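Heads up, the thing below is written out as structure tokens.
Here the structure is a predicted model, which means the values were calculated and not measured.
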Amino acid sequence: MVEAGNAVKALLLGATPERKDEIESLWDRYAPIISVVEDGRGVNICASKGRIRFDHKTLEAIWLLGFNGWRSIETYSPSIIISGITGWPLEDALRDDDELAAFEMDYKSRANSARSIIEEQSSIHVTWPQDVPRPESERNALNNHQEMAAFDLVCLATAYVFLHELRHVKFLSDGDCPADRREEEIACDVWARSFLTDKVGSYAQSVGQTFSRVLDKRSMGIALGAMILHEITPESARWGTAEYPPITTRIQAMISGNSLAKESHYWLFTACLLVGIFRQAHRQLPMYAPSTNELVEQLTTNLVT
């Protein structure tokens, strides 16, 4: 079995190959001890000075929520596209979709399984959805390109989570934590997002891909991370606490202000994720937007109301 620290380091190197020297430098300077703790109820991943702790159960929930997030495309994209073409309010397009009920039932069922994993002491008694590969699956052994695409995005989202915790380690080790704990959370979110996206140009050039294609994929991974963050945050804490800002503020820090082209796949994917959040909260979607990037802006703004 791969030691936890090596596994997390490999995850970050795989997510951001262009940052290899910086990741090595971070490991040399801060020597983070990354340890797996015994499974327990709730979400268990946190940072302290020089250390990141997590349990397997939390990573299982992140994995399941990530694969389910990918399936938001098949669930909600038809209605989003129809709304954009016809000018109908999104709520009307959703209501008019005869196939939505079946897709949405599966979508919500997988999300409920992830919540059960979080709430239980152990995931051993939670039935794993048959249409989601297990977390220990090898990428090349997956059934199709759809699962491989989901695998890549889940790895990016998980890398985002660990980068966020690594920034806490940096703050604590350097002794320069913001006075307000909530400001520190936002700073960690912004740092993780920047780490994943600021140098994609050099990676794109090195592998012969376009800058926009690489940025699209990284941004989709961050958007998936935002949805996962929302889902693993207890409802009682989503409005914020003394230590954590409102979850909507964190999501906005993660996905707002993107300069991606209007035709980027990122916008439709992110819109699907956000619609999933609204639908699971039984919130109406009366808005209409002529483009998916405008829809994402509206949905993000309305998250806080």
Can you name the closest pair of heavy atoms from [X] and [Y] and give their distance?
X: Gly69; Y: Leu273; result: O-CD2, 3.5 Å
X: Gly40; Y: Asn44; result: O-ND2, 3.1 Å
X: Ser72; Y: Cys272; result: OG-CB, 3.4 Å
X: Ser35; Y: Arg51; result: OG-NH1, 3.8 Å
X: Trp239; Y: Pro246; result: O-CG, 3.4 Å
X: Trp27; Y: Gly5; result: CZ2-O, 4.0 Å

Gap between atom [atom2] of [Y] and atom [atom1] of [X] - 0.5 Å precision:
X: Phe195; Y: Cys188; atom1: CZ; atom2: SG; result: 13.5 Å
X: Ser219; Y: Phe269; atom1: OG; atom2: CZ; result: 11.5 Å
X: Leu274; Y: Leu295; atom1: CG; atom2: CG; result: 8.0 Å
X: Cys177; Y: Arg167; atom1: SG; atom2: CZ; result: 8.5 Å
X: Leu303; Y: Gln298; atom1: CG; atom2: CD; result: 12.0 Å

Spell out, as yes or no, whether a donor-acceptor pair under 3.5 Å connects the side chain of [X] to the backbone of [Y].
X: Thr241; Y: Tyr244; value: yes
X: Asp96; Y: Asp92; value: no
X: Glu3; Y: Asn6; value: yes
X: Arg218; Y: Ala15; value: yes
X: Glu91; Y: Pro286; value: no
X: Ser206; Y: Tyr203; value: yes
X: Ser116; Y: Asn112; value: yes
X: Thr86; Y: Trp88; value: yes

Item to check | Near-ring test Phe151/Trp63, centroid separation under 6.0 angstrom | outcome: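 Yes - the distance between ring centres of Trp63 and Phe151 falls below the 6.0 Å cut-off.
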Side-chain heavy-atom pair [X], [Y] within 4.5 angstrom cut-off:
X: Arg279; Y: Ile277; value: no
X: Leu166; Y: Pro32; value: yes
X: Arg182; Y: Glu243; value: no
X: Ile45; Y: Val161; value: yes
X: Arg19; Y: Lys199; value: yes
X: Tyr288; Y: Leu90; value: no
X: Leu64; Y: Pro129; value: yes
X: Ile85; Y: Ile81; value: yes

Checklist entry - What class does the angle between the rings of Phe162 and Phe54 fall in, given that below 30° is parallel, 30 to 60° is tilted and above 60° is perpendicular? => result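 Correct class here is perpendicular.
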Next on the checklist: Does the plane of the ring in His164 sit parallel, tilted or perpendicular to the ring in His168? Use 30° and 60° as the thresholds.
Outcome noted: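 Taking His168 first and then His164, their aromatic rings stand perpendicular (interplane angle over 60°).
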Strictly below 4.0 Å, N to O, side chains only: are [X] and [Y] in salt-bridge contact?
X: Arg134; Y: Glu60; answer: yes
X: Lys57; Y: Glu120; answer: no
X: Asp198; Y: Arg193; answer: no
X: Arg71; Y: Asp106; answer: no
X: Asp176; Y: Lys170; answer: no
X: Glu231; Y: Arg115; answer: yes
X: Glu185; Y: Arg181; answer: yes

Within 6.0 Å of [atom1] in [X], more than 12 heavy atoms from elsewhere:
X: Glu38; atom1: CD; result: no
X: Glu99; atom1: CD; result: no
X: Gln205; atom1: CD; result: no
X: Glu294; atom1: CD; result: yes

Cluster check [X], [Y]: I/L/V/M/F/W/Y, side chain < 4.5 angstrom:
X: Val36; Y: Val169; answer: yes
X: Leu13; Y: Ile222; answer: yes
X: Val126; Y: Trp128; answer: yes
X: Trp70; Y: Leu142; answer: yes
X: Phe211; Y: Leu156; answer: yes

Going by distance alone, is a donor N or O of one side chain under 3.5 Å from an acceptor N or O of the other, for [X] and [Y]?
X: Asp216; Y: Ser264; answer: yes
X: Asp97; Y: Tyr76; answer: no
X: Asp55; Y: Thr58; answer: yes
X: Ser48; Y: Arg53; answer: yes

Next on the checklist: Walk me through whether Asp174 and Tyr30 qualify under side-chain contact (heavy atoms from CB on, under 4.5 Å).
Outcome noted: CA-CA 9 Å; Asp174 294 339; Tyr30 298 101; 2.8 Å; yes
Would you be so kind as to tabulate the donor-acceptor pairs closer than 3.5 Å made by side chains of residues 251-260, with sequence neighbours excluded?
{"residue": "Gln252", "atom": "NE2", "partner": "Thr300", "partner atom": "O", "Å": "3.4"}
{"residue": "Ser256", "atom": "OG", "partner": "Gln252", "partner atom": "O", "Å": "3.1"}
{"residue": "Asn258", "atom": "ND2", "partner": "Tyr266", "partner atom": "OH", "Å": "3.1"}

Next on the checklist: Using salt bridge (charged side-chain N to carboxylate O under 4.0 Å, His left out), reason through Arg110 and Asp131 one step at a time and then give a plain yes or no.
Outcome noted: CA-CA 9 Å; Arg110 289 187 292 267; Asp131 57 356; 2.6 Å; yes
Item to check | Option among Thr158, Asn68, Val154 that satisfies the side-chain contact (heavy atoms from CB on, under 4.5 Å) test with Leu224 | outcome: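 Single side-chain contact (heavy atoms from CB on, under 4.5 Å) partner of Leu224 among Thr158, Asn68, Val154: Val154.
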